[in-house]
Every structure is written in structure tokens, then in C-alpha cells.
Amino acid sequence: MKILKVLIGADIFIILSGLSWLLIIPNFYLSAFNRPLPSSFLGMLVLLFGIYKGFHLRRTYLRLRSQS
């Protein structure tokens with residue numbers, strides 16, 4: 001159960017870093033595959049990944065809580 005709390009904390013950090021890419025530096029361009037990639041796109045990907053993993057961690061937490 002302790003490791004799950006650490007994973008949830010890491011997921012919150014991922015979500016906050018995605019938000020920071022969206023809000024703090026939205027007009028910063030990175031290069032990927034020799035094309036400019038806006039940081040807002042990267043921030044949205046990180047944010048959505050954090051939300052997706054958060055749903056999985058919540059489901060795991062509820063399953064473990066119901067078993068004990």
C-alpha cells in the first residue's frame with residue numbers, strides 16, 4: 001500500500017508538470033523529427049498520460065482497499 005501512495009504522488013507530479021508545460025511556457029518550440037513541435041502539444045500529452053495513469057492507480061487502490 002505504501003508503494004501505491006508513492007506512485008500516486010509521482011502521478012500528481014506528472015500531471016503538474018504537464019500543466020506547467022501548458023501554462024508557463026506555451027510558445028516554446030522543440031524540434032522532433034526535424035519539425036518544430038510546440039510545447040503545448042507536449043504538455044497536453046504529459047497531462048493526458050498522467051490522467052490516464054491516475055485512473056488506473058485509482059482502480060488499483062480501490063481494488064486493494066476492498067480486499068483488505
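What's counted below: heavy atoms across the whole structure, side chains too, no hydrogens, waters or symmetry copies.
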From [atom1] ([X]) to [atom2] ([Y]), nearest 0.5 Å:
{"X": "Leu16", "Y": "Asp11", "atom1": "CG", "atom2": "CG", "answer": "9.5 Å"}
{"X": "Ile25", "Y": "Ser40", "atom1": "CD1", "atom2": "OG", "answer": "10.5 Å"}
{"X": "Thr60", "Y": "Phe55", "atom1": "OG1", "atom2": "CZ", "answer": "13.0 Å"}
{"X": "Ile12", "Y": "Leu7", "atom1": "CD1", "atom2": "CG", "answer": "11.5 Å"}

If two hydrophobic side chains count as joined below 4.5 Å and joins carry through other members, does Leu48 share a cluster with Leu19?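 Yes, because Leu48 and Leu19 connect within a single hydrophobic cluster, where side-chain heavy atoms sit under 4.5 Å apart.
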Membership question, hydrophobic clusters at under 4.5 Å side-chain separation (ILVMFWY): are Leu45 and Leu37 in the same one?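 Shared cluster, yes.
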Look at atom CD1 of Ile3 and say whether more than 12 heavy atoms of other residues, nucleotides or ligands are closer to it than 6.0 Å. no
Nearest heavy-atom neighbours spanning [X] and [Y]:
{"X": "Val46", "Y": "Ser17", "value": "CG1-OG, 3.8 Å"}
{"X": "Tyr29", "Y": "Pro36", "value": "CD2-CB, 4.1 Å"}
{"X": "Leu47", "Y": "Leu22", "value": "CD2-CD1, 3.9 Å"}

Any pair with a residue in residues 44-54 that passes side-chain hydrogen bond (donor to acceptor under 3.5 Å, both in side chains), sequence neighbours left out, goes on the list, sorted by first then second residue, please. Tyr52-His56
With side chain to side chain contact (heavy atoms under 4.5 Å, CB included) as the criterion, how do Ile8 and Lys5 come out once you've worked through the C-alpha distance, each side chain's angles and the decisive distance to 0.1 Å? CA-CA 5 Å; Ile8 289 172; Lys5 289 181 182 178; 5.6 Å; no
